[in-house]
Peer 1: 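Let me give you the structure first, and then I'll get to my questions.
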Number of protein chains: 2
Amino acid sequence: MFSKSCEYAIKAMIFIAQKSKDEARVGIKEIAKGTDSPEHFVAKIMQDLSRRKLVHSVKGPNGGFYMDHFDLKTSLADIVKAIDGDSIYKDCVLGLKACSEKNPCPVHNEFKEIKKNLIMMIEDNTIGDFNEKLDSGKFFLRNK
Amino acid sequence: MFSKSCEYAIKAMIFIAQKSKDEARVGIKEIAKGTDSPEHFVAKIMQDLSRRKLVHSVKGPNGGFYMDHFDLKTSLADIVKAIDGDSIYKDCVLGLKACSEKNPCPVHNEFKEIKKNLIMMIEDNTIGDFNEKLDSGKFFLRNK
DNA sequence: AAATTAAAAGAGTTTAATATCTTTTAATGG
DNA sequence: CCATTAAAAGATATTAAACTCTTTTAATTT
Ligand code: FES
Ligand code: FES
């Protein structure tokens, strides 16, 4: 569904949002541990998200990543597009050069609704929406 | 969504089904051309599908791949499971070790419905179902 | 039986995703 | 301004997916 990079990105963003409630900065080690992700790899991904302004960072002592009130409005779709591009928007499920109504593959109509629901879902859910969920203690960013 | 192998597999199966209507055998070259897939690669995939009895083959002159009436009942899910395994059934969207109600990731509930619809769709649609669609001339296994 | 055909099998290559390690830059605190 | 901290950047390594090529096996046709 999503690439590993994208999975790490979403988990990291949700993790940072959670910790950013009280203006705290989150270090890359903490993110990696909190989301059970490879530290150096998720660091690379955070650099990318940071360059794209989906998250902010400060270097040096007491530095790390954080989100402001505006950043919490980032949707899952924003993250997916930043990391995986728009392939889930435009690619044909069977790999035709393009997905279109003009030249549809045999499963085009069957997948149309599913893709629409998927896209609606990731556009509607923002990073901030997950804060309460995690607070409730009924949802997790890692297991073990 | 699916691996490239799986895309080729589905297209190849639909293609063979179409040609099997009149007991014909379809060679690997024809499959590759008809589905715009790399010949040797799709050959490997067909070997796999053949070993798993989702399709039949005969060697030698006038040989090739074919499907009998029973094979047309193969669902898209059968092909997906044969090639990509059951990852779309059991994997967590965010890569947790397992997807479960006990230890759900933050997006578990949002994705549950989408995954359910996806699975229902691929279980309900059989290879035979696509014969008429292709006959209608309104659906394609390749473009250009 | 020999020649031919086409899939099966095996082995190898290329490419992209994933992951790790090292060096540099920027911020802070003493 | 020096030492420390932590992210940014760069470079390298590993793995798996995607793709290709060659040889073998099993049919058919003559
Ligand atoms: S053409 Fe294949 S999904 Fe639209
Ligand atoms: S736990 Fe993540 S999708 Fe179910």
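Here is the naming used below: chain letters follow the sequence lines, and residue numbers restart at 1 for every chain. Nothing here was measured: the structure is a model prediction, and the numbers come from that model. Any value given below was found using the heavy atoms of this structure, including those in side chains, with hydrogens, waters and symmetry copies removed.
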Peer 1: If you find the nucleotide of DNA chain D closest to H40(A) and the one closest to G63(A), which residue's nucleotide is nearer the 5' end?
Peer 2: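 Looking at the nearest nucleotide for each, G63(A) comes out on the 5' side.
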
Peer 1: Which pair of non-hydrogen atoms, one from V80(A) and one from I88(A), has the smallest distance, and what is that distance?
Peer 2: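 Scanning both residues, the minimum pair turns out to be CG1-CD1, 4.5 Å.
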
Peer 1: First and last nucleotide of DNA chain D in contact with chain B, 5' to 3', at under 4.0 Å to a heavy atom: what are they?
Peer 2: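 Endpoints of the contacted stretch of DNA chain D: dA18(D) to dT28(D).
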
Peer 1: Go through the structure and list residues passing side chain to side chain donor-acceptor pair (under 3.5 Å) with D78(B), not counting sequence neighbours.
Peer 2: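 If we apply the side chain to side chain donor-acceptor pair (under 3.5 Å) test to D78(B), skipping adjacent residues, the hits are S75(B).
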
Peer 1: Counting the atoms with a prime plus P, OP1 and OP2 as sugar-phosphate, which does V26(B) contact under 4.0 Å by heavy atoms, base, sugar-phosphate, or nothing?
Peer 2: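 Since only primed, P, OP1 and OP2 atoms lie under 4.0 Å of V26(B), the category is sugar-phosphate.
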
Peer 1: Report the distance from atom OG of S100(A) to atom NE2 of H108(A), rounding to the nearest 0.5 Å.
Peer 2: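 Going from OG on S100(A) over to NE2 on H108(A), the span is 7.0 Å.
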
Peer 1: Tell me which residues in residues 5-16 of chain B put a heavy atom below 4.0 Å from DNA chain D, sorted by number, or none.
Peer 2: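 Correct list: S5(B), Y8(B).
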
Peer 1: Can you measure from OG1 (T74(B)) to CD1 (I79(B)) and round to the nearest 0.5 angstrom?
Peer 2: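 It is 6.5 Å, given to the nearest 0.5 Å.
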
Peer 1: Does F2(A) or N62(A) map to a spot on DNA chain C nearer the 5' end, using the closest nucleotide for each?
Peer 2: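 Result of the comparison: F2(A).
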
Peer 1: Suppose the criterion is salt bridge (Lys or Arg N to Asp or Glu O under 4.0 Å): which pairs have a residue in residues 102-111 of chain A, not counting sequence neighbours?
Peer 2: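 Qualifying pairs: E110(A)-K133(B).
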
Peer 1: Same cluster for Y66(A) and I31(A) if Ile/Leu/Val/Met/Phe/Trp/Tyr side chains link at under 4.5 Å?
Peer 2: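 No; I31(A) is not reachable from Y66(A) via cluster members.
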
Peer 1: Pull out every protein N or O sitting under 3.5 Å from an N or O of nucleotides 10-14 of chain C, one pair per line with the distance.
Peer 2:
residue: dG10(C); atom: N7; partner: K44(B); partner atom: NZ; Å: 2.7
residue: dG10(C); atom: O6; partner: K44(B); partner atom: NZ; Å: 3.3

Peer 1: Quick one: on DNA chain C, does F41(A) or G60(A) contact a more 5' nucleotide (nearest heavy atom)?
Peer 2: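 Upstream on the strand: F41(A).
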
Peer 1: If you draw a 6.0 Å radius around NZ in K112(A), do more than 12 non-hydrogen atoms from other residues or ligands fall strictly inside?
Peer 2: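 Enclosed: over 12 neighbouring heavy atoms sit under 6.0 Å from NZ of K112(A).
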
Peer 1: Check the distance between dA9(C)'s C1' and I28(B)'s CD1 and give it to me in whole angstrom.
Peer 2: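 These atoms are roughly 14 Å apart.
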
Peer 1: How long is the gap from CG on D84(B) to OG on S3(B), to the nearest 0.5 Å?
Peer 2: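 Rounded to the nearest 0.5 Å, the CG-OG separation comes to 3.5 Å.
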
Peer 1: Minimum heavy-atom separation for C105(A) and F139(B), please, with both atom names.
Peer 2: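 That closest heavy-atom pairing would be O-CD2, 3.4 Å.
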
Peer 1: Side chain to side chain donor-acceptor pair (under 3.5 Å) with K138(B): which residues, sequence neighbours excluded?
Peer 2: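 Side chain to side chain donor-acceptor pair (under 3.5 Å) list for K138(B), sorted by chain: empty.
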
Peer 1: Looking at residues at least two apart in the chain, or sitting in another chain, which of them share a salt bridge (Lys or Arg N to Asp or Glu O under 4.0 Å) with K33(A)?
Peer 2: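 With neighbours one apart ignored, the set is empty.
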
Peer 1: Show me the side-chain donor-acceptor pairs of residues 39-64 of chain B shorter than 3.5 Å, one per line, residues at least two apart or across chains.
Peer 2:
residue: D48(B); atom: OD1; partner: R52(B); partner atom: NE; Å: 2.9
residue: H56(B); atom: ND1; partner: D71(B); partner atom: OD2; Å: 2.8

Peer 1: Considering only heavy atoms, which members of residues 70-89 of chain B lie under 4.0 Å from some atom of DNA chain D?
Peer 2: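 None - not one residue of the stretch has a heavy atom sitting under 4.0 Å from the strand.
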
Peer 1: Using residues 9-20 of chain B as the side-chain source, report each donor-acceptor pair under 3.5 Å to any protein atom, sequence neighbours left out, with the distance given to one decimal.
Peer 2:
residue: K11(B); atom: NZ; partner: L94(A); partner atom: O; Å: 2.9
residue: Q18(B); atom: NE2; partner: D135(B); partner atom: OD1; Å: 3.0
residue: S20(B); atom: OG; partner: I16(B); partner atom: O; Å: 2.8
residue: S20(B); atom: OG; partner: M67(B); partner atom: N; Å: 3.0

Peer 1: Mind checking what makes salt bridge (Lys or Arg N to Asp or Glu O under 4.0 Å) contact with E132(B), not counting sequence neighbours?
Peer 2: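 With neighbours one apart ignored, the set is empty.
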
Peer 1: Heavy-atom contacts under 4.0 Å between residues 50-59 of chain B and DNA chain C, which residues?
Peer 2: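 Residues of residues 50-59 of chain B that come under 4.0 Å of DNA chain C are, in numerical order, S50(B), R51(B), S57(B), V58(B), K59(B).
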
Peer 1: Backbone N or O of M121(A) within a donor-acceptor pair of the N125(A) side chain at under 3.5 Å?
Peer 2: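 Yes; judged by distance alone, with no hydrogens or angles, the pair exists.
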
